[in-house]
Amino acid sequence: MKFDVVIIGGGASGMDALAKYSGRRVAVISKGLSIHNVAHPATEGVSFFEGDSVTGAELRDGKVIAVTAEKMGRIEADEFVLATGKYFGGGIVADMTRVYEPIFGLDVEYEQDREKWFKEDFFAPQPFLDFGVKVDSKGHPSIGGVKIANLVATGEVLSGNHKVIE
């Protein structure tokens, strides 16, 4: 299956990204229900794959060639948008030793010392909320410091971006 653009994530950031790609063949892959049912003119002609998860990606020469979804299988595109959210959406995963982005293996900004991931005061701003994917000035993430030219990350998955009110 081939599209012009694949947006991974059907939440607010994924839907915001649609406006940029109006008139193109766009696929939105969303684990849960996306918010596309809200009146949004950019959703006309968009293919929504709700209840599906992207499990991996194929990269070549600094570009994403395709992603693999659990149900839809291999999906090719010219451009990709990562809008998976942070921890609850599965866009950022933490284990006992690291914080990582599970689809592409993108570079993630986080505190190496796990003892500094949180503060004991529950109501204090929590450092782990600022962890996320590193991007350049145009929103392109990297893997091992190498920019991925046709991938843009947006929303909660980004380093320093969270919506908790302090």
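All figures in this text were calculated on a predicted structure; none of them were measured in a lab.
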Minimum heavy-atom distance S13-G155, with the two atoms named
OG-CA, 3.1 Å
Minimum-distance pair of heavy atoms, taken over all atoms of L82 and F104
CD1-CE1, 4.1 Å
Please determine whether side-chain contact (heavy atoms from CB on, under 4.5 Å) holds for the pair F3 and V26, giving the CA-CA distance in whole Å, both sets of side-chain angles, and the decisive distance to 0.1 Å.
CA-CA 6 Å; F3 291 89; V26 178; 5.9 Å; no
V133 and P141: which non-hydrogen atoms are nearest, and at how many Å?
CG1-CB, 3.7 Å
Spell out, as yes or no, whether a donor-acceptor pair under 3.5 Å connects the side chain of D4 to the backbone of R25.
yes
Is the count of non-hydrogen atoms from other residues, nucleotides or ligands lying under 6.0 Å from K2 atom NZ greater than 12?
yes
So that I know where these two stand, are Y87 and F128 an aromatic pair - ring centroids less than 6.0 Å apart?
yes
Is there a path of hydrophobic side-chain contacts, each under 4.5 Å between heavy atoms of I/L/V/M/F/W/Y residues, joining V152 to V157?
no
Would you say S142 and D136 make side-chain contact, with heavy atoms under 4.5 Å?
no
So NZ of K31 and CD1 of I8: to nearest 0.5 Å the spacing works out to 11.5 Å
Which pair of non-hydrogen atoms, one from Y21 and one from I7, has the smallest distance, and what is that distance?
CD1-CD1, 4.5 Å
Can you give me every donor-acceptor pair (side chain of residues 56-67, partner residue at least two apart or in another chain, under 3.5 Å) with its distance?
residue : atom : partner : partner atom : Å
E58     : OE1  : R74     : NE           : 3.2
E58     : OE1  : R74     : NH2          : 2.7
E58     : OE2  : R60     : NH2          : 3.0
E58     : OE2  : R74     : NH2          : 3.4

Between T55 (side chain only) and T68 (backbone N and O only), is there a donor and an acceptor less than 3.5 Å apart?
yes
Each residue besides Y100 in its hydrophobic cluster should be listed here, by chain and number; the cluster joins Ile, Leu, Val, Met, Phe, Trp and Tyr at side-chain heavy-atom distances under 4.5 Å.
V93
Path from M1 to I103 over hydrophobic side-chain contacts below 4.5 Å
yes
Salt bridge (charged side-chain N to carboxylate O under 4.0 Å, His left out) contacts touching residues 93-104 (sequence neighbours left out)
D95-R98
Do Q126 side-chain atoms and E120 backbone N/O form a donor-acceptor pair below 3.5 Å?
no
M72 and side chain to side chain contact (heavy atoms under 4.5 Å, CB included): which partner among I29, V54, D52?
D52
